[in-house]
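This report concerns only the one structure given below.
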Amino acid sequence: MARAYHRCGAGNILLSAFRQTARRHSARRPVRRIYLMETLSYLAHGFGIALAPTNLLLAAIGAIVGTMVGVLPGLGPINAVAMLVPVVFALGLTPESSLILMAAIYIGSEYGGRISAILLNVPGEASAVMTAIEGYPLARQGKAGIALSLSAWTSFVGSAIATLGIVIAAPLLARWALAFGPIEYVALMVFAFACLTGLLTDQPVKALLAIMLGLGISTIGIDANSGVYRYTFDSPNLVDGVQFATVVIGLFAISELLIMLESMKGGAAPRIEQLGRPLFNRAEMKFTNAATMRGSLIGFFVGILPGAGGTVASALAYTTEKRVVERTDPEGSRFGQGDMRGLASVEAANNSASNSNFIPMLTLGIPSSGTTAIMLGVLTLYNITPGPALFRSQPDLVWGLIASLFIGNVFLLAINIPLVGLFARMLSVPAWVLVPFIVVVSTIGVYSGKSTTFDLVLMVALGVGAYFLRRFGVPMAPLILGLVLGKILEQSLRRALSLSAGDVAILWSSPIAIVLWVMAALVLLVPLLMPRFRRWREEAITEPD
């Protein structure tokens, strides 16, 4: 451990101070305080590694590249990190330096995904779908700068809280995550869909229709268990399924372009004027503080679960915040029309989840997302075995990575806040310039996936279909989330049924699953029963004695 401290004198001083304090109080303090002091000493050790000039430069490069990756729809952190694997070996980077670079790109993409979602209603990532629901209406109201700066701040807060949680409670929370098997995941996915149906819109039937469409699209391709082709219509282009970039760009970008073109009258291209302040103020921060904290905590605990990630976290955070606001401030609720609390909760949740995804990766060797799976593969190439012993066998790697998360989030905040004005100016671009730009970016994002013209045709077809769905009031966010979560639901359901030889009673055999099933039922039934209960109460009050 000592060799890392020659890289940074500040880290050496901090480590010595913490160790001396731990020894001085070890005989008198409870075990919990000794554990805390040891944790802080290891964290100081990690900062000694992360503050090395090379690792600082890599964290800064990763933050910039990650933001750019998040802005471009279809690329995603998985592709960016995968392309870096041969690069890190060619450069001869150490394992901790390689993970610091990849982690910076990963968390940076969560920051960047909000930019296109807020300004263009084109989510760069699945976790940014919920951001577009409140962010894009704010941009249309001339509050693009406020929305961008507020989302950057809440992303920073969510990431900082999650990273602090990693430091304090990673081993304990990893044990809790082990309690979630396929049975619990089925109930969790159903609960997420129930939240989307019952709370996301005022028309649950249309939301349910969108979810079913998303689940249907997720089944296209080869069955992972039997190898049977499903709904491919004898087309080789559908054997691998429909890639996420094609669906999200078609449903959001292309349909938005058609609506934008429809709004043009007499050949005049409408302009979105940038009005108001470029940054949020103290009152708006205070207004969204509670939502930010709730979203951060939801994202942290959801991110611990392997496979859940920012998509589930953002959906649960948004629906939870909407329910809280409807109860506490029904007159001030503007959800779906540009409510800052909804934007704050979503951004805090998806960034908090992206950071807490490292807990099962570091402590259990279980990837929580595609990006962390690639990082695990990189560790194996370095002959490092992830698992509970990693904290003891590779302290340079683990604590250097954790410390770099703090530093990377500071870099991202410093990069994104000054560029808010530049991003917001995109809205002042005339539509005759903006429309071709969106088409070019969308085409590149889709074509870079499989390099086939079939995906471009499918993108346009999905966009036209989404245009008509939006005209009839069908929301797009549940459709995308149904597509993303459908694979997790199917895999978990199959595993659960294989354990019970096809007996569906196993789905409610776990206490955690029972709680989630009950919560899902309440979320669906309460909105339906509340109007009747209110009418009954009003009739009871007005009825004469």
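FYI, the numbering just counts along the sequence from 1. Just so you know, these numbers come straight off a predicted model, no measurement behind them.
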Review point. Counting N and O atoms only, with roles assigned by atom type, does the side chain of E96 sit under 3.5 Å from a partner on the main chain of D396, one being a donor and the other an acceptor?
Key: no
Check your understanding: Given L413, which of I417, V410, I415 fulfils the side chain to side chain contact (heavy atoms under 4.5 Å, CB included) condition?
Key -> I417
Review point. T163: what forms a side chain to side chain donor-acceptor pair (under 3.5 Å) with it, not counting sequence neighbours?
Key: N355
Point to revise | N/O donor-acceptor pair under 3.5 Å between T288 side chain and M285 backbone | key: yes
Practice item. Report the residues that fulfil side chain to side chain contact (heavy atoms under 4.5 Å, CB included) with P137, sequence neighbours left out, ordered by chain and then residue number. Key: Q141
Practice item. Determine yes or no for a side-chain-to-main-chain donor-acceptor pair under 3.5 angstrom, with S352 supplying the side chain and F300 the backbone. Key: yes
Review point. Under a 4.5 Å cut-off applied to non-hydrogen side-chain atoms, are I115 and T67 in contact?
Key: yes
Review point. Side-chain contact, heavy-atom cut-off 4.5 Å: I402 with F358?
Key: no
Review point. Does S492 reach the main-chain N or O of L489 with its side chain, forming a donor-acceptor pair under 3.5 Å?
Key: no
Check your understanding: So do the side chains of W153 and E347 get within less than 4.5 Å of each other, counting heavy atoms only?
Key -> no
Check your understanding: For residues S97 and T94, is any side-chain donor paired with an opposing acceptor at under 3.5 Å?
Key -> yes
Check your understanding: Is there a side-chain contact between I49 and N55 (heavy atoms, below 4.5 Å)?
Key -> yes
Review point. Is there side-chain contact between E321 and D339, with at least one heavy-atom pair below 4.5 Å?
Key: no
Review point. Distance only, no hydrogens: is a donor on one side chain within 3.5 Å (strictly under) of an acceptor on the other, for N350 and S314?
Key: no
Review point. Would a 4.5 Å heavy-atom cut-off, applied to side chains only, mark E284 and L150 as touching?
Key: no
Revision key, fill the gap. Applying side chain to side chain contact (heavy atoms under 4.5 Å, CB included) to M293 and not counting sequence neighbours gives I161
**Study point:** Close side-chain approach of S151 and I118, heavy atoms under 4.5 Å
**Key:** yes
Exercise for review: State, with a plain yes or no, whether a side-chain heavy atom of F47 is found less than 4.5 Å away from one of F406.
Suggested key: yes
